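Heads up, the thing below is written out as structure tokens.
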Amino acid sequence: MPYKMNFNDRCYQILKTIPLGKVTTYKSIAQKLNSKAYRAVGNAMNKNPHDPNLYPCHRVISASGNIGGYAHGTEAKKERLKSEGIIIEKGKIDLNKFEFRIN
DNA sequence: CGGTTGACCAAGT
DNA sequence: GACTTGGCCAACC
């Protein structure tokens, strides 16, 4: 990898490593970057300039298990997660089952 | 360079 | 369990 990457690009790199059927949290991504920029991670997802198919920002949810937001609508995000095999009950995801723990 | 804005988080009420 | 509060940090204006 190149020497320097801005904050956003590092988020996108991590995004690509999330396997199908798993999710991660804004918090986890920030931690992987040795940072507490939870909110900045959300901003990065929102402005994602890349192809959403290569950078699955819908697999990023909030640390509390809530869905979080989605540029194309929260409902669409839920549907997409469900279609990947993730179970959502009462608007929440069981992180113990579905969280992809980075390294 | 200060102020505002979020797809946030944790703790408290 | 819903709502408020204070804290966090990069991007943007």
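Quick caveat: nothing in here was measured; it's all calculated off a predicted structure. All values below come from the heavy atoms of this structure, side chains included, with hydrogens, waters and symmetry mates left out. Throughout, protein chains are lettered first and strands after them, A, B, ... in sequence-line order, and every chain is numbered starting at 1.
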| request: Please determine, by modelled atom types, if Glu99(A) and Thr24(A) share a side-chain donor-acceptor pair under 3.5 angstrom. | output: no
| task | Could you list by number each residue of residues 21-36 of chain A showing a heavy-atom separation from DNA chain B of less than 4.0 Å, or answer none if no residue does? | result | Tyr26(A), Lys27(A)
| query | Between Tyr55(A) and His50(A), how do the two ring planes meet: parallel, tilted or perpendicular, split at 30° and 60°? | reply | parallel
| said: Which nucleotide wins on minimum distance to the side chain of Arg39(A), given the candidates dG7(C), dA11(C), dA10(B)? | reply: dG7(C)
| query | Of all the choices, dC12(C), dA7(B), dC9(B), which nucleotide is nearest to the side chain of Ser62(A) once you look at every atom? | reply | dC9(B)
| query | If you check every side-chain atom of Met45(A), which of dC12(C), dC9(B), dA7(B) has the closest atom? | reply | dA7(B)
| Distance, P atom - from dA7(B) to dG6(C), rounded to whole angstrom | 22 Å
| Integer-rounded Å distance: dG1(C) P and Asn66(A) CG | 11 Å
| query | Is Arg59(A) paired with Glu84(A) through a side-chain N to carboxylate O contact shorter than 4.0 Å? | reply | yes
| field | Ile88(A) and its side-chain contact (heavy atoms from CB on, under 4.5 Å) partner, picked from Ile67(A), Asp94(A), Ile61(A) | value | Ile67(A)
| task | Could you tell me whether Ala37(A) contacts a base, only the sugar-phosphate backbone, or nothing, with contacts defined as non-hydrogen atoms closer than 4.0 Å? | result | sugar-phosphate
| said: So, under a plain 3.5 Å distance rule, would you say the side chain of Asn46(A) forms a donor-acceptor pair with the base of dG6(B)? | reply: no
| query | Are Asn6(A) and dA10(C) close enough that a side-chain N or O sits under 4.0 Å from OP1 or OP2? | reply | no
| Hey, which of these two, Phe7(A) or Tyr38(A), hits DNA chain C nearer its 5' end, going by closest nucleotide? | Tyr38(A)
